[in-house]
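Here is the structure we will look at.
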Amino acid sequence: VRVGTGYDVHALVPGDFVTLCGVRIDHDARLDGHSDADVALHALTDAILGALGDGDIGAHFPPSEMRWRGCDSAVFLADALARMAARGGFLAHADVTLIAEAPKIGPHREAMRTRLAQLCGVALDRVAVKATTNEKLGFVGRREGIAAIATATVRLPLP
Amino acid sequence: VRVGTGYDVHALVPGDFVTLCGVRIDHDARLDGHSDADVALHALTDAILGALGDGDIGAHFPPSEMRWRGCDSAVFLADALARMAARGGFLAHADVTLIAEAPKIGPHREAMRTRLAQLCGVALDRVAVKATTNEKLGFVGRREGIAAIATATVRLPLP
Amino acid sequence: VRVGTGYDVHALVPGDFVTLCGVRIDHDARLDGHSDADVALHALTDAILGALGDGDIGAHFPPSEMRWRGCDSAVFLADALARMAARGGFLAHADVTLIAEAPKIGPHREAMRTRLAQLCGVALDRVAVKATTNEKLGFVGRREGIAAIATATVRLPLP
Ligand SMILES: [Mg+2]
Ligand SMILES: [Mg+2]
Ligand SMILES: [Mg+2]
């Protein structure tokens, strides 16, 4: 078993929805970024790449390349999962923590878990989505952005 | 093995003690929150829930409910541990990191580990408590709050 | 398997290079700290100590002691690895995430991984180095400091 951790942040700017764990949520702001700015999927992608020791999301999908503009972040996650599968690996567990003052994540948690399980091709019980505010402190607390931490438990065969 | 991560923050407000890992420490401020605001226990509770894929502390213990007011956070941890036990799970390891400019954690580390081991019902060597400052940077550095990160290694039987 | 997490921050001050994962990188600032201020090695050291439940880097190497002044942080990592080896442990995986607006980590990733694998005495595929910016938000975004998160997957024999 190898465990990887991913961390990501995107800024909130004027807009009317955010995409988190592949689920669109109406909001009084949107996440800024080259792709769809899904911090949760970005963090999970990096967590898997971290468990594999295979670069990071910025290396495989450079923000400088126009073709990732507005891209569905599921593409990035699928790439990390394909790298894992190519090594004979299996995603034993994915745990995503969203750090945001708003929107409320609870009402969307099960939709997010279902979407993540689908994207990862694992049973629902292998996927966790949690959320917390930053108690109005720091950049998250000032609603300047949303952060995400993800932890991936990956089983890899011996080399 | 499934690994979950928890993150929590509470604001520091005028007061004279904080409760961290269930240990009361004299301080020149207190942690604000609905319960006893023990960031360390909250992060560990969420780490275990993350490993289980079973909601988060805010879902099981909504701050909106008056009955959790001033509550000992050991109650939240016990609930997560009971959910784990109901699934046949075992807490292989709990690692808590406190991020705080003050108070000093070192003198209280062993009391905290002992308390956590007791609360979790595991041997002392399965519990870690670490601390670091934020080098005077950000909201932690300005002593506006204390943050905690916890990692739970959970053994679950196959479904 | 036991998983530990480490977190560290150091402030950026006027200077002309930083040391990250033991690799010197030219930069328009330097990291401030008692030792060489290698946040990545500090976070990884703490992650291993967290998996062992054996104190933290500040406990074993107090900043108050003059002898660690300007010290190569490889010394701290070697100490944590020795503690692990004394317990019969094995480092199954090390995942380091750097959170910095600059310098760019990508061009140095493989040098960092090679150095970490060497320091840890493990195969290159057991070491990951990832990086992300904080999207100009918070103290990292203002280039006031660099943060690092590390996750160590440690195999320990049963006691
Ligand atoms: Mg991103
Ligand atoms: Mg809390
Ligand atoms: Mg340090």
Side-chain angles (χ1 to χ4, degrees), chain B residues 1-7 9 43-44 47 50-51 90-101 104-110 112-114 116-117 120 122-142 144 147-156, chain C residues 1-13 31-34 37 39 42-43 45-60 62-64 80 87 89 92-93 95 99 134 137-156 158-159:
Chain B
V1 165
R2 301 186 189 190
V3 178
T5 302
Y7 169 84
V9 175
L44 180 55
F90 173 76
L91 184 67
H93 196 66
D95 179 24
V96 172
T97 301
L98 285 159
I99 312 173
E101 292 303 305
K104 283 201 180 304
I105 302 302
H108 307 280
R109 187 200 321 276
E110 291 314 308
M112 290 177 176
R113 289 182 68 213
T114 300
L116 287 179
C120 294
V122 299
L124 192 61
D125 84 288
R126 294 189 182 277
V127 176
V129 175
K130 307 188 310 300
T132 184
T133 72
N134 216 53
E135 295 284 324
K136 300 192 176 141
L137 300 175
F139 72 88
V140 167
R142 291 186 299 269
E144 295 171 5
I149 300 171
T151 301
T153 308
V154 172
R155 271 195 241 130
L156 275 185
Chain C
V1 164
R2 302 186 187 189
V3 178
T5 302
Y7 169 83
D8 196 32
V9 175
H10 280 275
L12 288 162
V13 294
L31 287 168
D32 194 30
H34 208 72
V39 281
H42 295 187
T45 299
D46 252 2
I48 293 168
L49 293 172
L52 297 177
D54 187 357
D56 61 25
I57 193 171
H60 299 307
S64 55
R87 297 261 295 277
H93 196 67
D95 178 24
I99 311 172
N134 215 53
L137 300 175
F139 71 89
V140 166
R142 292 186 299 269
R143 299 185 181 219
E144 295 171 7
I146 291 178
I149 300 171
T151 300
T153 308
V154 172
R155 272 196 241 130
L156 274 186
L158 287 178

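Residue numbering restarts at 1 for every chain, and letters A, B, ... go by the order of the sequence lines.
- Contact annotation: the side chain of B/Asn134 approaches that of C/Phe139 to within less than 4.5 Å [non-hydrogen atoms, C-beta and beyond].
- Residues of residues 50-59 of chain C having a heavy atom under 4.5 Å from any heavy atom of chain B, listed by number: C/Gly50, C/Ala51, C/Leu52, C/Gly53, C/Gly55, C/Asp56, C/Ala59.
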Which donor-acceptor pairs under 3.5 Å do side chains of residues 141-154 of chain C form with protein atoms, sequence neighbours excluded?
unit_1	atom_1	unit_2	atom_2	d
C/Arg142	NE	C/Glu144	OE2	2.7
C/Thr151	OG1	A/Thr5	OG1	2.4
C/Thr153	OG1	A/Val3	N	3.0

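- Note on B/Ile99, B/Thr133, B/Val96, B/Val129: by heavy-atom pairs under 4.5 Å with chain C, the leading option is B/Ile99.
- Under the ring-ring contact (aromatic ring centres under 6.0 Å, His included) criterion, C/His42 pairs with C/His10, C/Phe76, sequence neighbours left out.
- Qualifying salt bridge (charged side-chain N to carboxylate O under 4.0 Å, His left out) partners for C/Asp95, counting only residues two or more places apart in sequence or in other chains: C/Lys130.
- In this structure, C/Arg155 contributes its side chain and C/Val1 its backbone to no donor-acceptor pair below 3.5 Å.
- Salt-bridge annotation for B/Asp125 and C/Arg2: present, with a side-chain N of the basic residue lying under 4.0 Å from a carboxylate O of the acidic one.
- Both the backbone and the side chain of B/Ala131 come within less than 4.5 Å of a heavy atom of chain C.
- One N or O on the side chain of B/Arg113 and one on the backbone of B/Val127 form a donor-acceptor pair closer than 3.5 Å.
- Contact of B/Ile105 with chain C is not made at all, since no heavy-atom distance falls under 4.5 Å.
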